[in-house]
Amino acid sequence: MSFQIEILWSDALLFLLLAAVAGFVLHVRRHEHLRAPWGRVAGSRMGMAAMVVLAAYMAIGVLDSLHYRPALPAEPGQPVQYSNEVLSVLDALAGPLRTQVEKTYSEPFATHLYAKENLQLPDGRQVRDYPRLRYGGAHLEDPDRKAADIARRAAVGTGWGLGLAAVVWGLAAALLARRRGGGWGQAAGRLVRAPELAAARTALYTVALLLVLLGLALQLATHYHILGTDKVGQDVFYLSLKSIRTGLLIGTLTTLIMLPFALFLGVAAGYYGGRVDDVIQYLYTTLNSIPGVLLIAAAVLVAQVYIETHPELFDTAAARSDLRLVFLCGILGVTTWTGLARLLRAETLKLREQEYIQAAQAFGVSGLRILSRHILPNVGHLVLITVVIDFSGLVLAEAVLSYVGVGVDPVTASWGNMINGARLELAREPIVWWQLAAAFLFMFVLVLSANLFADSVREAFDPRAGGRR
Amino acid sequence: MKGLELRDLRVEIAAGGRRLAPVDGVSLEIAPRECLALLGESGCGKSLTALALMRLLPDGLTVAAGEARLDGTDLFALPERQMQAVRGGRLAMVFQEPMLSLNPVLTVGAQIAETLAVHRQLKGKAAQAEGVRLLEAVGLAPGHAGSYPFQLSGGQRQRALIATMLAGEPQLLIADEPTTALDVTVQAQILRLLKELQRGRDMGLLLITHDLDVARDMADRVAIMYAGQIVEWAARDALYAEPFHPYTRKLFSVLPSARRRGERLDHIKGVVPPLGTAFTGCRFHERCPRAWALCREAEPRLHRVGDGHYARCHLAVEAGPEAETAALPSRAEPRNVTAESGPLLEVQDLAVHFPIRRGIFRRTVGWVKAVDGVTLRLDAGETLALVGESGCGKTTLARAILRLVEPRAGRVRLAGQALDSLRGEALRRMRAEMQIVFQDPFASLNPRMRVGEILAEGLQALRPELGGGERHETVLRLLEQVGLDASAAQRYPHAFSGGQRQRIAIARALAVEPRLLICDEPTSALDVSVQAQILNLLKQLQAERGLAYLFISHNLPVVGYLAHKVAVMYRGRIVEAGGAEALIARPLHPYTRLLLASAPGHGLESAARAPEAPAAAGRGCPFAARCPEALPRCRESDPEIVERQDRRVACHLY
């Protein structure tokens, strides 16, 4: 099957960000003073577990950012036409999840719909009952044997997961044996017991847990809607997976947009002082005193109007909603740079009086060069800590904004939209709880691991928290 | 027994699965009315000993063994609640930095009252009266009870802190470097105050210091610490007359002083062993000039070497080999680089005034005259020392010469070239001629740059024509010149000790081959043994390169040792200037005399008494308010600087 690669704006920005992170990692590996605190992060058990979870989320997000448009079945002799629908690698992998759409709500692991319908029995009688689902548990002859089937599949899935985990442990031991010498068996033994490898062990346990979850999902999600379906019958598990990309993009792209402002303006205000400082301070004080939501709502509405009046610019619906997402990141970035800028200004004010800066001035080193060689590297830890801490706040902000209605496009899968959709159904009897619960669960795990990771980063980089300069 | 008795104190810290002992088997006794000086270089464990006594060790450090008895009370066995009553009560401690030990949001009176309420149950009127009595005892006016710490000067703060400590009527006062952060004139006053209080109140005093001269003025007995142990213990006179331990002897021989001009200072090879060194044998043997086989194998006990004089050294029981006669490499004697074409640096009536701005429009309402009409002259190959108390404008003057701050008036000429008119590229070229070495070697090197990059920075900025290879060669040559290994270029500053960092800072300044090096208190943050190394290095570089130094210092012995000429600064002006030897031997200006008399080491009685500097000077001579010889005329007109015999002096007496 042929396809056409489609790079959306947000994809491009995400890849740019990934390239920047890769460059940063290479830079860190070459510099001992930068490597040392990351070594402390790698030595923290909590930090490593959180990092593994974050990496899993990131992997899903990246898979969901590799977009393409599949070719339509072409008439012979006609040029190939591509579908208007933009799919991602994740869509391809989760194929059945996307296509197995029910009529409306159904509970997790349900075999029947959540709403009664008029059914025609084989003998022609009409009854009002819960109909069987088209896909969920459709392979079962007898819905009453569901529990046994689920248990069997869960066991198989767990087995697969554990098997994969064992392979990963084996590979880790082999890697350790190659690094440190000694046999594979010896390395495996150390991996299980050695106290200095505690953090690596925790990471491997987390990997094992994730692999078991993966095995379970592979076994169960194809035959059941493990988190139920939503109002139009879409699989909630699939929606939750798709929402990961949105959440990650909001958390990271915003930072990408905000960093240049914050870095340059904050450091320049602190170093040059005087008029420059005054102007920058007025700028961010003014910006700070406008309610953020108001600014964001206004900007998003403007963007929406622009998108609607220029339909010719977008050849797919995905491109339209994507632009809105990027725009939202942009406006969030514009409203959030002030905090970091303020922090950097204060730190630069302190650094400016340091003697090594004066020594550089005595050499006649130019101002910009002092900023880039002497001040920026010395505020790096602050930037890093702020960025990691801000990430979780931004993920949550997306949920709130979508709930209010000024967030991402309603057709974009996002936790905010899921919550917004679940809002009305909470009043229903019996309650439709799974949509909210799924959004909550996925968001909670992401934000919790981001926070835990931020904690260990802060601890490793904060000079007062035991780390020696 | 009365007084404090400490037996075999061992303080441990757990690090990476090992238990390290920064204090290892310290025993000492302090009788009532006795002053014991605990003397040692930084990192030898003297402050930890004091904190262990107070049971205020930082997190992670624990008292692993030992017994401390204060008048029979076992301090380490007390439950924390009872220890609270002892701490600040019978046992009190004065810290180094008074600004950090007083609560900035409480008045001095309130802080004294707090101690009185806790330890002596005094409240209301009684507490107030006692507070006034205490303030008077430390030489503060009763009115200061209502002052906040920021309203007091450094010396007044230290007095206030001592008053709060006295409030609990301690039997033993621990003073941890109580005067290190203070000016020499204030130091003399605080030391005298401590001594008087100790005698008048029958207190024991444990004085922790790194300064041999301070210990000599204050102590009845002296304990020398090295690497967590007491290595020598003696009555003061015995120790100063005849030090026994090779380490103590070395400490004396590395001290610079005016009498040792021209000599090369002795040095202690190696560095203080870092925490966690596994010792076999004597802890000092690697640096000891007289160590022999036994020292490497057996740890010496504290042997008796005289009446009340003990030393932890095998020499006490066995005659070791004689020290190799100080085989100091003979260096070339300072070339007398005479000025061929006029002076190298000429400063004429230089003034730096900082505006005081008020109101929302930041109008200038007045000026702080940090430097107010200074005239200096410095020839190539010569050292001019700039001496004065903190805040007198020494550093601002240096920065104005370097054009790091813009002077308001006056002229600076370097090698005949007027600097003030230079702008842009021309100024940048002249910067290669003058460089600066800062006081704090920890703040003066960018922690995020390798040493090689730090050294290359000046070359990149001022000699961009050099290629990468040439630059690298220059860096290696510089490292060799300041006595560092070539591998240092690849490492980061945190891998080096204070002395090594100061060498790097000197190398950085030398990279662009300046003719004038401004040294802003380059040794005041260093231990005496390291100070000697840096001073030797400076002398050697001057001899080799004909460098001129503008040496800013408040340490008079160092100035007397190193400088050819001295200029004394007070309130932004030069009050006396002349040849170093003559000026130190026969100071003319009362301020110079005050500075010299305040220097420790001559006994407390001889130290001059003068009030601290008032906040603002009115008309007349700025020193008049403190001058013991002030004439009526001094309060009315400002003295001009005049030539008198071999020097220039600004005083109405001459």
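Any value given below was found using the heavy atoms of this structure, including those in side chains, with hydrogens, waters and symmetry copies removed. Residue numbers begin at 1 in each chain, while the letters A, B, ... track the order of the sequences.
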Please classify the contact between Gln460(B) and chain A as side chain, backbone, both or neither, with a heavy-atom cut-off of under 4.5 Å. side chain

If I measure from the heavy atoms of chain A, does Asp440(B) come under 4.5 Å with its side chain, its backbone, both, or neither? both

Verify side chain to side chain contact (heavy atoms under 4.5 Å, CB included) between Trp38(A) and Val457(A), making sure each step is shown before the conclusion. CA-CA 8 Å; Trp38(A) 281 110; Val457(A) 167; 4.3 Å; yes

Any idea which of [options] has the most non-hydrogen atom pairs under 4.5 angstrom with chain A?
options: Ala461(B), Gly60(B), Gly458(B); value: Gly458(B)
options: Arg491(B), Arg403(B), Arg508(B); value: Arg508(B)
options: Leu402(B), Ile454(B), Leu445(B), Val512(B); value: Leu445(B)
options: Asp520(B), Val437(B), Leu462(B); value: Leu462(B)

Do the side chains of Val383(A) and Leu263(A) get nearer than 4.5 Å, heavy atoms only? yes

Could you tell me whether [X] atom [atom1] has more than 12 heavy atoms of other residues or ligands within 6.0 Å of it?
X: Arg428(B); atom1: CZ; value: yes
X: Tyr272(A); atom1: OH; value: yes
X: His472(B); atom1: NE2; value: no

Sequence-distant partners of Tyr205(A), ring pair (Phe, Tyr, Trp, His ring centres under 6.0 Å), two or more places apart: Trp169(A)

Pairing residues for Tyr492(B) by the ring pair (Phe, Tyr, Trp, His ring centres under 6.0 Å) criterion, not counting sequence neighbours: His33(A)

Donor on one side chain, acceptor on other, Gln481(B) and Arg545(B), under 3.5 Å: yes

Positions in residues 351-371 of chain A that reach chain B, provided some heavy atom is under 4.5 Å away: Gln354(A), Glu355(A), Tyr356(A), Gln358(A), Ala359(A), Ala360(A), Gln361(A), Ala362(A), Phe363(A), Gly364(A), Val365(A), Arg369(A)

Partner set under side chain to side chain contact (heavy atoms under 4.5 Å, CB included) for Thr254(A), not counting sequence neighbours: Ile250(A), Cys329(A), Leu332(A), Thr336(A), Leu394(A)

